[in-house]
Visitor: 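Before we start, here is the structure in question, set down as structure tokens.
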Amino acid sequence: MSFPLLTATAALPAIGAIATAAVPAAQRVAAKWLALLVSLATLVLAAIVLVRFDPGGDRYQLTESHAWIKDFGVRYELGVDGIGVALVALTALLIPFVILAGWHDADPQETGSKRWRPTQGFFALILAVEAMVIISFEATDVFLFYIFFEAMLIPMYFLIGGFGDRAHEHGDDAAATQRSYAAVKFLLYNLVGGLIMLAAVIGLYVVAGNFSLQEIVQARADGSLHMATSTERWLFLGFFFAFAVKAPLWPLHTWLPNAMGEATAPVAVLITAVVDKVGTFAMLRFCLQLFPEASKWATPVILVLALISIIYGALLAVGQRDIKRLVAYASISHFGFIILGIFAMTSQGQSGATLYMVNHGISTAALMLVAGFLISRRGSRLIADYGGVQKVAPVLAGTFLIGGLATLSLPGLAPFVSEFLVLVGAFERYPAVGIVATFGIVLAALYTLVLYQRTMTGPVKAEVAEMPDLRVRELLVVAPLIALLIFLGVYPKPVTDIVNPAVQQTMSDVHKTDPKPEVEAAK
């Protein structure tokens, strides 16, 4: 029996979470180092998965399949395609930076916390989220995926509500109330989506007789499994609703600004750069593959919702006074682009959407983590409380600028390539949609440059005059992310080579081909 590499990649952070939580209360520094070492070991395993994956080989590779609940046809089935392996690598890459960035975020001497083992709990919860997200990207059994899709809500709830941002304009009691509200709102929104999905999962089992993604897709392709049109559409809506909440797609997005605003910066990165990617990934893996006809039926409405997300999120980002809420609304706009690419039903659009998931994770991590370092120095999230930072902390300001320019998809930085592909894919099939979506780029330039101008330029405010520049630990967090943004902006081929075959197979599942260009014959 071959080594269960996919299981090991998810199990290692899970075991690490238990071990970190079990570290004695007096050994907080040891708990931090243990969590960091576990995350680095997980990154090594993810790198091995990436190296062993053959883009030209079978659709699902490194597969594992074991009987689990035989009476209900539930199996422990894992496998990665090009899209899944890219997102596993992204998750494993970001977690060490999240841990390093949050090195002091749960220290009792800094937070004044009286809770039992807050430091150990903080890092254990981060590793638990990593384990659940990774296995969600690997699961090819629908029921197995559902379990971890829902289970990741619990550690995220405690990370938001129990370890919230200290930089709050209100008093301690008001801040605790805001954190609790944000955590409960996050949990309720996602639980409602999950309960609706559970009904659809049960309905899928009634129709198909099992939960195996590969078996159901194959049965639909060879004609041995038939779904009534109405049944397929209802099941699709059940799955899509849950994924749209997680993504988040307008109008199911309202939990995100609260959650990101009240969480620490590393946890905010965990939300939008890691956890939310499960929603858009699942649209590609489950909605399009299991319900191809319903996906095409729902496409016009979904494209409208994606456009609203793009424009609405960008407009609200322009008007924000809070740095972290601005990044949250910018992320809503970016997820609109991702969903637009998925449902444009073109190979360029879906390749761009997958690449966007990777690039958005890196760019948002860079911008939000630098913003977190800035906020921790001043003790405020309000844009108006800053000014002239580039004169006293030029390295901090420079990295903040690069993260912001990546957010607005500047050519030469990674998000530009993915956003360009999404727009090309949309223009090919829906020119009007592509035109409207382009306005999101203009608004992104506006909110990003205005944010930089108001915080980093102008006269130096007295409150930031003594602000220190980035420290060594903080540079270790930011520098690799900046380097990746530049590298993938110049040379995205390593990622596109991995995801493109999976995209072509997904296009085949929905029986779609790229539109042929209308070229007038030469006279």
Side-chain angles (χ1 to χ4, degrees), residues 57-61 63-65 67-70 72-84 136-147 149 196-244 278-302 339 342-347 349-350 353-354 429 499-514:
D58 295 337
R59 181 171 192 173
Y60 293 102
Q61 299 178 32
T63 56
E64 302 171 30
S65 182
W68 185 17
I69 309 174
K70 293 183 179 180
F72 295 99
V74 180
R75 297 186 61 83
Y76 177 80
E77 286 190 347
L78 303 180
V80 285
D81 60 359
I83 299 168
S136 296
F137 291 140
E138 297 173 345
T140 57
D141 182 277
V142 178
F143 192 80
L144 179 67
F145 169 83
Y146 172 78
I147 289 174
F149 180 81
I196 292 174
M197 181 183 169
L198 177 60
V201 169
I202 295 170
L204 179 66
Y205 175 76
V206 171
V207 173
N210 65 78
F211 294 105
S212 173
L213 173 67
Q214 296 182 69
E215 290 183 15
I216 296 172
V217 171
Q218 182 59 42
R220 298 215 65 186
D222 61 26
S224 59
L225 173 62
H226 299 279
M227 286 189 196
T229 300
S230 59
T231 300
E232 180 177 347
R233 290 178 179 179
W234 280 112
L235 294 178
F236 168 86
L237 291 174
F239 277 77
F240 181 81
F241 183 86
F243 303 152
V278 178
T280 47
F281 162 80
M283 291 179 189
L284 277 165
R285 171 163 285 189
F286 296 102
C287 286
L288 268 60
Q289 291 188 42
L290 292 173
F291 316 111
E293 297 306 317
S295 297
K296 290 185 284 188
W297 162 76
T299 288
V301 174
I302 294 172
I339 296 170
I342 293 171
F343 284 90
M345 299 293 182
T346 59
S347 57
Q350 291 188 0
T354 305
R429 201 178 293 279
V499 303
N500 281 346
V503 165
Q504 293 297 335
Q505 290 163 332
T506 303
M507 289 282 291
S508 177
D509 289 334
V510 293
H511 310 295
K512 282 282 190 178
T513 57
D514 290 329

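It should be emphasised that the depicted structure is a prediction, and the values quoted were computed from it without experimental measurement. Residue indices begin at 1 and follow the sequence shown.
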Visitor: Below 30° counts as parallel, above 60° as perpendicular, anything between as tilted: where do the rings of F143 and Y146 land?
Guide: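 F143 and Y146: tilted rings.
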Visitor: Which atoms form the tightest heavy-atom contact between A502 and G82, and what is the distance?
Guide: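 Closest heavy-atom pair between A502 and G82: CB-N, 3.8 Å.
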Visitor: Please answer whether the main-chain N or O of T346 pairs with a side-chain N or O of R429 as donor and acceptor at a distance below 3.5 Å.
Guide: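 Absent.
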Visitor: Decide yes or no for F291 and L204: does some side-chain heavy atom of the first lie under 4.5 Å from some side-chain heavy atom of the second?
Guide: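 They are in side-chain contact.
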Visitor: Assess the residue pair T229 and E293 against the criterion (side-chain contact (heavy atoms from CB on, under 4.5 Å)); give the C-alpha distance rounded to whole Å, side-chain angles, the decisive distance to 0.1 Å, and a yes or no.
Guide: CA-CA 8 Å; T229 300; E293 297 306 317; over 6 Å; no
Visitor: Please name all residues satisfying side-chain hydrogen bond (donor to acceptor under 3.5 Å, both in side chains) with N500, sequence neighbours left out, ordered by chain then number.
Guide: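 For N500, the residues satisfying side-chain hydrogen bond (donor to acceptor under 3.5 Å, both in side chains) (neighbours in sequence not counted) are S351.
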Visitor: Step by step, would you call Q504 with Q350 a side-chain contact (heavy atoms from CB on, under 4.5 Å)?
Guide: CA-CA 9 Å; Q504 293 297 335; Q350 291 188 0; over 6 Å; no
Visitor: At their closest point, which heavy atom of V278 faces which heavy atom of S136, and how far apart are they?
Guide: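 Heavy atoms only, the tightest pair is CG1-CB, 4.2 Å.
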Visitor: Under the side-chain contact (heavy atoms from CB on, under 4.5 Å) criterion, do V207 and I216 qualify, and how do the steps go?
Guide: CA-CA 10 Å; V207 173; I216 296 172; over 6 Å; no
Visitor: Taking all non-hydrogen atoms of both residues, which atom of S295 and which atom of C287 are closest, and how far apart?
Guide: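 Scanning both residues completely, I find the closest heavy atoms to be OG-O, 3.0 Å.
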Visitor: To the nearest 0.5 Å, what is the distance between CZ (F236) and CE (M227)?
Guide: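 That separation rounds to 12.5 Å.
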Visitor: Could you tell me which residues satisfy side chain to side chain contact (heavy atoms under 4.5 Å, CB included) with P292, sequence neighbours excluded, listed by chain and number?
Guide: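 P292: side chain to side chain contact (heavy atoms under 4.5 Å, CB included) contacts with R220, E232, V510.
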Visitor: Do L198 and I202 have side-chain heavy atoms sitting under 4.5 Å apart?
Guide: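 Counting from C-beta outward, L198 and I202 do come under 4.5 Å.
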Visitor: Output all residues satisfying side chain to side chain contact (heavy atoms under 4.5 Å, CB included) with Q61, sequence neighbours left out; order by chain, then residue number.
Guide: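 Side chain to side chain contact (heavy atoms under 4.5 Å, CB included) list for Q61, sorted by chain: F53, D54, D58.
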Visitor: Do the ring planes of F243 and F145 sit parallel (below 30°), tilted (30 to 60°) or perpendicular (above 60°)?
Guide: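 Ring orientation of F243 relative to F145: perpendicular.
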Visitor: Keeping the roles fixed (side chain from R75, backbone from L144), state whether a donor-acceptor pair exists under 3.5 Å.
Guide: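 Not confirmed, R75 side chain does not pair with L144 backbone.
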Visitor: Taking only residues two or more places apart in sequence, or in another chain, which ones meet S212 in a side-chain hydrogen bond (donor to acceptor under 3.5 Å, both in side chains)?
Guide: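 Applying side-chain hydrogen bond (donor to acceptor under 3.5 Å, both in side chains) to S212 gives E77.
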Visitor: List the residues meeting side-chain hydrogen bond (donor to acceptor under 3.5 Å, both in side chains) with D141, not counting sequence neighbours, and say none if there are none.
Guide: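 If we apply the side-chain hydrogen bond (donor to acceptor under 3.5 Å, both in side chains) test to D141, skipping adjacent residues, there are no hits.
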Visitor: So do the side chains of Y60 and L78 get within less than 4.5 Å of each other, counting heavy atoms only?
Guide: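 A side-chain contact is absent here, since even the closest heavy-atom pair is not under 4.5 Å.
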Visitor: Does the side chain of D81 reach to within under 4.5 Å of the side chain of T506, using non-hydrogen atoms?
Guide: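 No, too far: nothing below the 4.5 Å cut-off.
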Visitor: Just how far is it from atom CZ of R285 to atom OG1 of T140, taken to the nearest 0.5 Å?
Guide: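 It comes to 7.0 Å.
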Visitor: Who passes side-chain hydrogen bond (donor to acceptor under 3.5 Å, both in side chains) against Y205, sequence neighbours left out?
Guide: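 Counting only residues at least two positions away or on another chain, Y205 forms no side-chain hydrogen bond (donor to acceptor under 3.5 Å, both in side chains).
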Visitor: Quick one: do F240 and M283 satisfy side-chain contact (heavy atoms from CB on, under 4.5 Å)? Show the steps, please.
Guide: CA-CA 7 Å; F240 181 81; M283 291 179 189; 3.8 Å; yes
